Structure formats: C-alpha cells, structure tokens
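All values derive from a computational prediction rather than experimental measurement. Atoms considered below: every heavy atom in the structure, side chains included; atoms not considered: hydrogens, waters and symmetry mates.
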Amino acid sequence: MQEPEITPDLIAAHGLKPDEYDRILEIIGRAPTFTELGIFSAMWNEHCSYKSSKKWLRTLPTSGPQVICGPGENAGVVDIGDGLAVVFKMESHNHPSYIEPYQGAATGVGGILRDVFTMGARPIAAMNALSFGEVAHPKTRQLVHGVVEGIGGYGNAFGVPTVAGEVRFHPAYNGNCLVNAFAAGLAPADGIFYSAASGVGRPVVYLGAKTGRDGVGGATMASAEFDDTIEEKRPTVQVGDPFTEKRLMEACLELMQTGAVISIQDMGAAGLTCSAVEMGDKGGLGIRLDLDRVPVRESNMTAYEMMLSESQERMLMVLDPAKEAEAKAVFDKWDLDFAIVGETIAEDRFLILYGNDVKADLPLSKLSSSAPEYDRPWVATPEAAPLDFVPEVDPIDALRTLVASPNHARKSWVWEQYDHMVMADTVQAPGLGAGIVRVHGTDKALAFTSDVTPRYVKANPVEGGKQAVAEACRNLFAVGAKPLACTDNLNFGNPEKPEIMGQFVGAIQGIGAACAALDAPIVSGNVSLYNETDGRAILPTPTIGAVGLIDHLDEVIAGQPRDGHVALLLGTTAGHLGQSAFLAEVLHREEGDAPHVDLAAEAAHGAFVLANRQWIVACSDLSDGGLALATFEMAANAGVGVTLDAGDCPTLFGEDQGRYLIATSFDKAEALMVSASEAGVTLTTVGRFGGDAVRLGTSTAPLAELDAVWRSRFGEIFDGAA
C-alpha cells in the first residue's frame, strides 16, 4: 500500500506543531515514514507526554512512609499493613464519551481496571466523577443515559462494585462532558508488578484480545479541542468487551504467580506504540516488533493502524523465556491470544518490521522521556470581588429549590444502575458518603471518595485546589477513615491560553499544599487538557480521588440519627456564600470568591472525628448547600425530622470549610463537648433530630414533602418526557 506523502496538512492533522516536526527531523536526520509520523504523534501528544503539565506535576507531594509506588507507573501503590497494598488510579475518558457516550464511558472503565490489575492487584472498587452540560441542552439527556449505561454495562459485567462518585451539571460542559473513572485493587505489598523492561533478548509478548481498527488515533483526538467536525472523530472511539477483560484479568493474575512476568504494561492510549515504548524506555532498552505476528481481527491492516490502534483488553509483557510454555498454557486456558511479537534489544531503537519491510526505525528514548516539555505562559486568576448583598429568601423555599435541582437531588437513578454489592464486601453503598469496602480476610476496610467544586476553582484556583483535597479527606474522616493518599484527574481547557494555564498552575499549588498538610500524597493521576468546544472551555475541574483506611470494621461511622439525637456542628461558621450552591441554584448567580481553606483546622477537625468516633452516631462533612443541605440529607436518609436553630441564609447555606455535622445522643454529646474543649476545637449545638418536619428557624415544611422531591427529581428529569 502506498504511504501518504508527509505534508504540512498531514503533520497538523497529527497534532504536531511545525517546530515539533522540525525537532523530529533533527532527531532522526531524515523525513519520517508515515508510520513513524504516527508514532511520534502518539507519543508526543498531550495525552501521552504531559508536555504542558510535567513542570507543575513535579511540585506535588508524592511520597510518604505509606507509599510503595508513586506516579509514573500504571497506578499508585500504598501500604495498608498486614502485607497488603491498595493499588489505585483515576483517569479521564472525556472526549470519547462525548463522541460515543456508551463505548466511551465503558472503555474508560475498562482502561482504569487494566491499570490496576496490570500491577498485580485484583480490583475491589470503582468510582466515577461525571460532569455534564445543563439539563436543557439537547445533547445532555443522551450523554447522561449513554455514559451511565456504559459505566454500568462494563463494570457490572466485569464484576467490580461501583461504590461512590459524583454527578454535576453546568452550561460550561455543554460541548465537552467529563467522564473520570477510578479503580482500586488489592495486592500483596511484596508482589507488585512494574512496567520497566529488563534483560536483552527477552521475548516481548502480546496478550489478550485481537487488534482491530477501533481507536486508531484516539490519543491524538483526546489532545485536541472539539469543533464542528466532531462526528468525523467517531471511529477514534474504542469498543470494549468486559467479559474478555474479566478473562484477561484472571489470566494475568494467574500468570503472575508463575514467575514468568519480567514486566507488563496495559495497552491503553496509543496502544502497542505507547506500551512498547514505555516498557523499553523505563528499562533503558530498545524494542523490536514484528507486526506479522500481531493477532488481528481485520484484514489488510497497515503498520500505522496496528501501531496506533486502541483496541481494548490487550497487554504487552516481557517474558522469562524459560517459562514460555507455561505462560502460553495459561492464556490458552482462558481462550486469549498469546503471541511473541518481538524482543528487547540493547540498542536505543524502536524497530518495527512488517511484511519484510522496516516500517519504523527510531531512537526509542527520544519518543518518551525526550518528548517536548513546555513552560507555558500563564497569568494568575484575578481576585474575585466580594459579594455586595445579603440575600433574603425563606430558608425552606431555598432548601426546596436545592433538593429539586439535578445537582443536589438524590442520585439513586445513577447508582442503582451500578452493581455495588458484587464481591459481597461493600460495607457502605453509594449515597451515604464515602464508599466503604471490607478488606477481605481482615478486619480492615478501605473508604473511597471523589471530590471537586469547579465553581470554586474558577473563582480562585488555589483555594479551589485546596478545597478539592480537603473535602475528599473530610469525606473519609466522616466515615471513620484515615486518609492514605490521593489520585488526581486534572481536567482543564486549552493550556496554550495563559488564563487557562493560570487556572492549572493555581489548582496544582492548592492541591499540593493540601496534600502536604493532610498527609495525603498524590500517588497517581491523569491530566486532561484541551477540554474546549469552539473555543469555550469547561470549568476547571481537578477531580481528587482519595482513599482512606479503617483499621477495624467496628470503627466505621455509618449510623443514622434517631428521635431525640442532638445535631452538633464541628468548626466555625462565618456564612460564606461566594460561589455557593445557594447562590447558583436559588439566585442563579455565580459570584464572589471561593471560601478560604484553613488547612490546619482541616487536619485538627479530621483528627478530632477519628479520636472521638466512639461518641459519634452519624457524621457528614459540610460542603455544597452548607449546614441546611447536609442536615436535611442526614435526616431524610434516616427518615426522621430535624430542627435547626438558625434561620438566616448565610448561617444555613454558607459554605465555610472544615466543618462537620455530627448526630449523637444527649449524653454522648456532653462527652464530645468536653473532648472538643480539651482539643481546642469549636463544637456547638445547632439543633436536634425528631418529629416529622424540617424546621429552619421559624420556617417549616413536612419532611415527607421535601424527601419525595429529593428522591424523585433526578429520575423524573432523565426518565420523563424530554
């Protein structure tokens, strides 16, 4: 087949700038072949190279005594004691999910699960963080249905519980939804598998499903803005098969017990290209591949297509040659392809052979660690003007508006489509705070949550970045878990715009400060840039996935308030309404600064909750909607009324940070007050649970009325008439 001529238009279509192409010419001393151009395009795009973000990612805290493996591998690894480790990561599949919602979301789940079991861990939990456009937008309903069905369809069939997550709606996502997928697994702390190749002349083995044309160019597509040619990008979306992935996981975990695996890498973005290059580069070796040996499911595939295909459920492995027969027998048993497609070589070369022709011969190290790295110009986000008014709204009317909004209505319509009980270790299901999964065979549990408030980040990236970490940690503390570590999924617009790059830099600074203060290092993550359509960027959305450890199941805080229980507030309230849910949903205004995050107070309050959990029946952090919404949700989940003493909107709906709502009996409340005084933290009585009404000051409504709206509204929106 005649290869296309390398023209400026073809170079631009591959996402390469003219100066980047000139750098390629300088590196190889000649014009690249078409296949080589595709390889450089895949390895040097934003999605694979992190060329705009590396400088700032290096500033994040990534280590600690609990960290076994930080960023740079397929997933982060954290010690949880008893010879076990939790392996986890969060990653985006934004662009594919907008183009083809079901398959985009499904393969996002599949990809993150492979990142976990590639490390030798059996997945035990999944989460997702979803951002969609406004409900009235003509594409939103299709996206919501497709994405949720795709996540459920893949995760449920694979057999991993989806235990937590978040869903938001905002016009800024009208042209670019966000699908951030998280997975966590358990592995022996001394049995982690890494991707760095080692040993010259060892076989490079292709594992799993066959290669097709789906997903060709997917990584490059994910590194570009959308425009009116979006439908032309549909073939770049991968197609997933969860049953094949389940077999692949079982085969890989079985193979890992044989000692045959020298190194192993998921074939994710840029497929065979990225997996081979990363394995070779990390091990300081070259790789030779013979594409005639690659299992394919379509005829007449070109070398370009085979190298850039993102067909799912595939792995690449460097094998101990003495164990080839044993390894092949495992994959034959699971009815999966096992093909030796190349070998490691001493030279710094990425040599691709196909049909007796050399299709690519490149210096391997220049493709990965020598990819372009930019120090993008950036400008700090201007300081937001303070609010210049005090809203006067009946608080019950405001609460009614909040619970009827798609952002704050109960999301059971979503999570009921996910299997959260498979594996039978789920302790706390979605909808009640952080998800909790028992560590099978021990008395321990792990807690999982994901959080960010994009309005805060847009108004004040530094404080918004801090708040995302702080809220994630609060969700863990609130269920009795000590934060272990975080993974980040940094979703932003075009980094070539200084104001967007400024949002990114500010958020990183805030995230780094909070992770350091709360001893929750970033151990893995993903950067998703160019989330724009026709020049309009999403809200900056640096999602934080956090994992916490509960040493004993008896220490889980998962009770519910009863009649006569006292409502206590840990932390101080100034009534901050800037960028609040109250302002956005009730008054349709997004104004003011983000709330300030006092990291010392966050740490002190979290430690207080853990130290006094024996006195706490129920606990919730205060975030969107402040005291009023948190108290209502706690009351509604328990089926008991509540009275809050305050009646003014700033006190009820203010979003001051570092606060918790605690429900407990009167005698335990007294013990907590004594403990708070000794610890030097502020704990006040703000109301009491009981009856069948919600009372905010002098304003009252039946609990049943508000509860019915809260529970039904989301389903009415997405199952009702368009």
- Task: Please confirm whether Phe169 and Phe718 have ring centers closer than 6.0 angstrom.
- Result: yes

- Query: Do the side chains of Val681 and Leu570 get nearer than 4.5 Å, heavy atoms only?
  - Reply: yes

- Query: Salt bridge or not for Asp443 and Arg438, using N-O below 4.0 Å?
  - Reply: no

- Query: Does Lys89 come within less than 4.0 Å of Asp488, counting only side-chain N to carboxylate O?
  - Reply: no

- Message: Once rounded to the nearest 0.5 Å, what's the spacing between atom OG of Ser450 and atom CD of Glu166?
- Response: 4.0 Å

- Keeping the roles fixed (side chain from Glu91, backbone from Asn180), state whether a donor-acceptor pair exists under 3.5 Å. no

- Task: Answer yes if the side chains of Thr449 and Asp451 hold a donor-acceptor pair under 3.5 Å, and no otherwise.
- Result: yes

- Does a donor on one side chain sit under 3.5 Å from an acceptor on the other, for Thr140 and Tyr173? no

- Does a side chain donor of either Thr573 or Asp656 reach within less than 3.5 Å of an acceptor in the other side chain? no

- Strictly by modelled atom types, are Asn407 and Glu585 linked by a side-chain donor-acceptor pair under 3.5 Å? yes

- Task: Let me know which of Asp519, Leu476, Ile550 forms a side-chain contact (heavy atoms from CB on, under 4.5 Å) with Lys482.
- Result: Asp519

- Task: Using a strict cut-off of less than 4.0 Å between a Lys/Arg side-chain nitrogen and an Asp/Glu carboxylate oxygen, indicate whether Glu670 and Lys668 qualify as a salt bridge.
- Result: no

- Query: Going by atom types alone, do Asn531 and Asn491 pair a side-chain donor with an acceptor below 3.5 Å?
  - Reply: no

- After noting the C-alpha distance and the side-chain angles of Glu590 and His170, does the key distance pass the side-chain hydrogen bond (donor to acceptor under 3.5 Å, both in side chains) rule? CA-CA 11 Å; Glu590 293 183 18; His170 191 280; 2.8 Å; yes

- Is it true that the side chains of Arg688 and Thr643 contain a donor and an acceptor less than 3.5 Å apart? no

- Item | Distance-only polar pair, side chains of Asn460 and Arg455, donor-acceptor under 3.5 Å | no

- Query: To the nearest 0.5 Å, what is the distance between CG (Leu696) and CG (Asp397)?
  - Reply: 10.5 Å

- Where the side chain of Asn156 meets the backbone of Gly152, is there a donor-acceptor pair that is under 3.5 Å apart? yes

- Ile436 CD1 to Thr426 OG1 distance, which is reported to the nearest 0.5 Å: 10.0 Å

- Message: Do Gln467 and Thr453 pair up side chain to side chain, a donor and an acceptor below 3.5 Å, judged on atom types alone?
- Response: yes

- Query: Can you name the closest pair of heavy atoms from Leu703 and Phe632 and give their distance?
  - Reply: CD1-CE1, 4.1 Å

- Message: I'd like to know if the side chain of Gln657 pairs up with that of Glu602 as donor and acceptor (distance under 3.5 Å, no hydrogens or angles considered).
- Response: no

- Query: Atom NE2 of His588 and atom CG of Leu583: how far apart are they, to the nearest 0.5 Å?
  - Reply: 10.5 Å

- Please check if the side chain of Thr487 supplies one atom and the backbone of Met90 the other of a donor-acceptor pair under 3.5 Å. yes

- Any chance you could measure Trp710, atom CH2, to Leu629, atom CG, to the nearest 0.5 Å? 8.5 Å

- Query: How many angstroms lie between NE2 in His137 and CG in Asn174, if you round to the nearest 0.5 Å?
  - Reply: 4.0 Å

- Under 3.5 Å, is there a donor-acceptor pair between the side chain of Arg141 and the main chain of Ile717? yes

- Message: Does any part of the side chain of Ile662, heavy atoms only, come nearer than 4.5 Å to the side chain of Asn612, both counted from C-beta?
- Response: no

- Look only at the side chain of His93 and the backbone of Gly104, and say whether a donor-acceptor pair between them is shorter than 3.5 Å. yes

